[in-house]
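The next block holds one structure in the form of structure tokens; read it before the comments.
Quick caveat: nothing in here was measured; it's all calculated off a predicted structure. The figures here come from the full heavy-atom set of this structure, side chains too, leaving out hydrogens, waters and symmetry mates. Numbering of ligands and ligand atoms starts at 1, following listing order.
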Amino acid sequence: MKMQTGELLYKGKAKSIYRTEKDDELLAVFRDDITAFNGEKKDEFAGKGEYNFAASAFFFDFLEKNGVKTHYLRAVDERSMVVSKLDMIPLEVIARNRAAGSIVKKFPFKEGQILNPPVISTDYKDDERGDPPINDDLVVALCLLTPDELMNVRETTLKINRILSDFFEELGLILVDFKIEFGRKDGIIVLGDEISMDSMRLWDRETMESFDKDVYRYDKGDFMSAYARVVEKINQWKDSHME
Ligand code: C5P
């Protein structure tokens with residue numbers, strides 16, 4: 001079913017958000033664009049949006065079934081979903097189970113080192129400021145979250161991490177880290193944005209090969225095949241868990 005798109009409200013690096021006929025619902029369209037290093041590297045690959053859409057739709061649905069409130073309402077076509085309109089909180093919440101990426105550059109961790117308990121850190125979402133790291137006191141001082149909401153966001157992030165880590169373990173993949181964003185709907189904190197191979201690191205349990213945006217970032221190979229493989233594994237899991 002194709003849906004008539006309304007006014008474009010926001011164009012992100014890989015998604016476009018449109019108005020719908022309902023005030024409290026938006027249409028999120030996953031485009032084929034891929035960017036890295038705050039937009040310094042960018043490309044377009046036909047079909048990429050469909051892979052990230054498929055992963056995001058599955059994860060939102062899976063998390064809802066496991067008791068996490070998300071903005072996901074329904075799929076419209078192979079790259080568009082209707083979501084609840086949220087009042088977005090400009091924070092990027094990152095959960096890490098292993099050291100990789102920026103924390104290996106910033107701190108004396110070894111690449112791949114297990115982080116137990118998992119490490120959660122938060123960046124202030126602001127491209128012009130380079131998404132600086134932010135701490136709890138700053139979040140409260142900027143009135144981005146109340147202290148109670150901060151605790152809620154932390155607990156929800158840990159819960160999402162447990163659910164997704166267990167899921168990927170079944171697929172033979174390690175969830176190294178991921179980034180999520182939250183918003184408010186009727187005063188309640190709800191998971192928004194997307195959960196896809198663009199926003200997580202996934203390593204093969206045996207070979208430690210990457211199946212995520214690092215393949216594109218660091219020219220490690222064919223990132224489209226890596227994304228396709230993750231979606232294929234998700235679909236195989238779905239087929240084997242049909243009631
Ligand atoms: O770059 P860094 O190592 O801090 O990223 C941690 C995780 O958060 C990675 O999975 C990365 O893809 C994701 N991330 C993101 N969007 C950002 C920053 C990080 O999806 N703006």
Side-chain angles (χ1 to χ4, degrees), residues 10-15 17 28 30-31 33-43 45 48-49 51-53 55-56 59-60 63 70-71 88-115 118-135 139 144 153-154 156-158 160-165 167-168 171 173-183 191-204 208-221 223-224 226-227 230:
Y10 170 79
K11 190 170 179 192
K13 294 195 183 82
K15 280 194 310 298
I17 306 294
F30 289 65
R31 303 195 316 273
D33 302 288
I34 183 158
T35 71
F37 311 117
N38 207 3
E40 274 172 46
K41 179 173 177 174
K42 53 179 167 209
D43 285 289
F45 285 85
K48 179 256 179 185
Y51 292 141
N52 274 357
F53 165 84
S56 270
F59 290 128
F60 282 135
L63 289 170
T70 81
H71 69 160
M88 289 305 289
I89 300 153
L91 293 174
E92 301 195 330
V93 183
I94 296 169
R96 300 176 193 267
N97 297 303
R98 294 209 183 216
S102 65
I103 64 159
V104 176
K105 291 196 192 95
K106 288 182 192 153
F107 302 103
F109 289 114
K110 283 208 246 2
E111 174 86 8
Q113 185 179 331
I114 292 173
L115 304 169
V119 171
I120 296 184
S121 59
T122 311
D123 293 339
Y124 180 58
K125 194 175 155 84
D126 186 328
D127 276 348
E128 278 172 22
R129 292 186 164 83
D131 298 337
I134 190 167
N135 69 17
V139 168
L144 300 176
V153 162
R154 183 178 167 81
T156 306
T157 303
L158 287 171
I160 293 169
N161 184 40
R162 279 194 300 273
I163 295 168
L164 296 185
S165 293
F167 173 77
F168 280 116
L171 265 46
L173 295 170
I174 298 169
L175 178 60
V176 173
D177 57 32
F178 61 92
K179 183 270 301 179
I180 46 180
E181 296 178 27
F182 294 90
L191 180 65
D193 193 46
E194 68 180 84
I195 306 187
S196 72
M197 290 71 81
D198 273 8
S199 56
M200 55 175 65
R201 284 194 175 91
L202 292 171
W203 292 353
D204 182 279
M208 296 293 170
E209 191 187 343
S210 294
F211 283 86
D212 54 62
K213 205 194 214 178
D214 273 356
V215 180
Y216 170 75
R217 279 191 194 101
Y218 302 112
D219 299 316
K220 289 180 171 192
F223 90 89
M224 285 288 280
Y227 281 31
V230 176

Taking a 3.5 Å cut-off between nitrogen or oxygen atoms, can you list every pair linking ligand 1 to the protein, with distances?
| from | atom 1 | to | atom 2 | distance (Å) |
| --- | --- | --- | --- | --- |
| ligand 1 | 3 (O) | Arg96 | NH1 | 3.3 |
| ligand 1 | 3 (O) | Ser102 | N | 2.8 |
| ligand 1 | 3 (O) | Ser102 | OG | 3.3 |
| ligand 1 | 3 (O) | Arg201 | NH1 | 2.9 |
| ligand 1 | 3 (O) | Arg201 | NH2 | 3.4 |
| ligand 1 | 4 (O) | Arg96 | NH2 | 2.8 |
| ligand 1 | 4 (O) | Ser102 | OG | 2.5 |
| ligand 1 | 10 (O) | Asp177 | OD1 | 2.6 |
| ligand 1 | 10 (O) | Arg201 | N | 3.4 |
| ligand 1 | 12 (O) | Arg217 | NH2 | 2.9 |
| ligand 1 | 21 (N) | Glu92 | OE1 | 3.0 |
| ligand 1 | 21 (N) | Glu92 | OE2 | 3.3 |

Given the rule in the salt bridge (Lys or Arg N to Asp or Glu O under 4.0 Å) test, do Asp177 and Arg98 qualify, once you have shown the distances and angles that lead to the verdict? CA-CA 7 Å; Asp177 57 32; Arg98 294 209 183 216; over 6 Å; no
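- Counted by atom type alone, Ser165 and Asn161 present one or more donor-acceptor pairs between their side chains at under 3.5 Å.
- Checked against salt bridge (Lys or Arg N to Asp or Glu O under 4.0 Å), Lys41 has the following partners two or more places apart in sequence or in another chain: Asp219.
- Heavy-atom contacts from other residues, nucleotides or ligands closer than 6.0 Å to NZ of Lys13 number more than 12.
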Next on the checklist: Applying ring pair (Phe, Tyr, Trp, His ring centres under 6.0 Å) to Phe223 and Phe45, what does each step give before you reach the verdict?
Outcome noted: CA-CA 10 Å; Phe223 90 89; Phe45 285 85; 4.9 Å; yes
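- Between Phe59 and Phe168, the two ring planes are tilted [angle within 30° to 60°].
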